[in-house]
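In what follows, a structure is listed as structure tokens, so that the remarks can point back to it.
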Amino acid sequence: MDRKMEIISNLSEICNNTVVLCKVGEIVMPAYVLNNSNNVYYLYAQNRIVAIELQHSVENDPITGDLYDEWHQIDSTLICDYCIIPEADYILKRD
């Protein structure tokens, strides 16, 4: 996982203790959301922990006046190259 990890699941539905789909290069894999703090999400995938920073903004449509959410992924950083989290491992294998 030398390349950056990108979340391909709906960013507005990400919450702790759920499984999301991620992409590294051309490979798609499930990842378990361990925790989030200040728009940084800690994911567990393939015995690695990756921190992904997201930016969330709520904008007003200038024409209709409707509110809409925008999510953007800013960066991903490898936190731990090899670790095992039994609960997350079990959930990823089950799903």
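Atom set for the values below is all heavy atoms of this structure, side chains included, hydrogens, waters and symmetry mates excluded. The model shown is predicted, which means the values in this text are computed figures rather than measured ones.
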Any link between [X] and [Y] through a network of hydrophobic side chains (Ile, Leu, Val, Met, Phe, Trp, Tyr) touching at under 4.5 Å?
{"X": "Val50", "Y": "Val28", "value": "no"}
{"X": "Leu78", "Y": "Leu43", "value": "yes"}
{"X": "Tyr90", "Y": "Leu92", "value": "yes"}
{"X": "Leu54", "Y": "Tyr68", "value": "no"}
{"X": "Leu21", "Y": "Leu11", "value": "no"}

Backbone of Asn16 reached by a side-chain donor or acceptor of Asn36 within 3.5 Å
no
Would you compute the distance between atom [atom1] of [X] and atom [atom2] of [Y] and round it to the nearest 0.5 angstrom?
{"X": "Leu34", "Y": "Ile49", "atom1": "CG", "atom2": "CD1", "result": "5.5 Å"}
{"X": "Ile91", "Y": "Thr18", "atom1": "CD1", "atom2": "OG1", "result": "9.5 Å"}
{"X": "Ile74", "Y": "Asn39", "atom1": "CD1", "atom2": "CG", "result": "8.0 Å"}
{"X": "Asp66", "Y": "Glu59", "atom1": "CG", "atom2": "CD", "result": "13.0 Å"}
{"X": "Met5", "Y": "Ile27", "atom1": "CE", "atom2": "CD1", "result": "10.5 Å"}

Which heavy atom of [X] sits nearest a heavy atom of [Y], and at what distance?
{"X": "Ala31", "Y": "Ala45", "result": "CB-CB, 3.8 Å"}
{"X": "Ile84", "Y": "Tyr44", "result": "CA-OH, 3.5 Å"}
{"X": "Val19", "Y": "Pro30", "result": "CG1-CB, 3.9 Å"}
{"X": "Ser76", "Y": "Lys4", "result": "O-NZ, 2.8 Å"}
{"X": "Asn60", "Y": "Gly65", "result": "OD1-O, 2.7 Å"}

Can you find a pair of side-chain heavy atoms, one from Arg48 and one from Asp81, that are under 4.5 Å apart?
yes
Taking C-beta and beyond as the side chain, do Tyr32 and Asn17 meet within less than 4.5 Å on heavy atoms?
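With C-beta onward as the side chain, the pair touches.
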How are the rings of His56 and Trp71 set relative to one another: parallel (under 30°), tilted (30 to 60°) or perpendicular (over 60°)?
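Judged by the thresholds at 30° and 60°, the geometry between His56 and Trp71 is parallel.
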Name the one of Asn10, Ile8, Ile52, Val33 that satisfies side chain to side chain contact (heavy atoms under 4.5 Å, CB included) with Val20?
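Checked Asn10, Ile8, Ile52, Val33 against Val20; only one passes side chain to side chain contact (heavy atoms under 4.5 Å, CB included): Val33.
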